[in-house]
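Have a look at the structure below, then the notes.
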Amino acid sequence: MKKNQERIQTIGLEDLSEGDTLIEVVYSSVNYKDMLAVQKKGGVIRSYPMIPGIDLAGRVVSSSDSTLSPGQEVLVTGYGMGMSHTGGFAQYARVPHEWVVPLPDDLTLKDAMVLGTAGLTAGLSIAALEEVGLKPEQSPRILVTGASGGVGSIALAILAASGYERVTALIRKDYQKELVTGLGAQKMIRPEDVFLKENPLLLKPQYDFVLDTVGGDVVAHLILQIAYNGDAV
Ligand SMILES: NC(=O)c1ccc[n+]([C@@H]2O[C@H](COP(=O)([O-])OP(=O)(O)OC[C@H]3O[C@@H](n4cnc5c(N)ncnc54)[C@H](OP(=O)(O)O)[C@@H]3O)[C@@H](O)[C@H]2O)c1
């Protein structure tokens, strides 16, 4: 297999992937997928040449969609950007208008990309749990797995800012304690703590809601430890 070649290059708008909306990019973030994109066997980029960058925040230059006006601040994340569609590591991006999200009034372009796709994922996960009953007033017991990672750490910060006080972080290393307590976790557990040591029928539920970013055996055991009317995402 030939080695990937990365370079910064001046290209034209005509070299960007198809789309009815042209955006001047102000910020993008560096996601794990962007790191994989430049690896020899990363498996992320589907056709070459490609501009990486799986997300962006910027200003609309032009769009065939009447709800998007020139100068409007927007963000785009996912949808194959930086993988099969030219992405955010460029001055301009061209995308279908259906991918474009108007920037909320209280978020700056920079903050949108500081939070990045990991932050959006964390936010969507908490919104999904709130749709099925998670509420700060009920003081629910929440477990966040992969709490030191991109999605988990931002989830901890959002939960703390939203008034959730009984949050446990699942971590694997001692040095991660400071990070997760600083982000608002009250308790910490290790993966071995979730593996069942007793008959599952005798278990007491430990958590009302679980935000899992790890999967596999960890979540398989955790599902049995969720209280009635609780949920996991
Ligand atoms: N980041 C995004 O933009 C994004 C978007 C959508 C979906 N996702 C998905 O969300 C998941 C998490 O992504 P991420 O970006 O948060 O990853 P990440 O930054 O690499 O964090 C992964 C976390 O999971 C922990 N972990 C890994 N294997 C574990 C195991 N076997 N048992 C317990 N903990 C384990 C890691 O702990 P250590 O620090 O100890 O290794 C770390 O805390 C992935 O499946 C990813 O594909 C991510």
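Each ligand, and each atom within it, is numbered from 1 in the order the structure gives.
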query: Hey, is the main chain of Ser69 close enough, under 3.5 Å, to the side chain of Gln72 for a donor-acceptor pair?
result: yes
message: If the criterion is any heavy atom closer than 4.0 Å to an atom of ligand 1, which residues make the list?
response: Asn31, Thr117, Ala118, Thr121, Gly146, Ser148, Gly149, Gly150, Val151, Leu170, Arg172, Lys173, Gln176, Pro191, Thr213, Val214, Val218
- prompt: Would you find more than 12 non-hydrogen atoms of other residues, nucleotides or ligands less than 6.0 Å from Lys204 atom NZ?
  reply: no
message: Which residues pass the side-chain hydrogen bond (donor to acceptor under 3.5 Å, both in side chains) test with Ser125, not counting sequence neighbours?
response: none
- prompt: So which pairs with a foot in residues 205-230 pass salt bridge (Lys or Arg N to Asp or Glu O under 4.0 Å), sequence neighbours left out?
  reply: Arg141-Asp208
query: With no hydrogens and no angle check, is any side-chain donor or acceptor of Thr86 less than 3.5 Å from a backbone partner on Ile51?
result: no
Remaining members of hydrophobic cluster (4.5 Å side-chain criterion), Met81: Ile23, Val25, Leu56, Val60, Leu68, Val74, Val76, Tyr79, Val95, Trp99, Val100
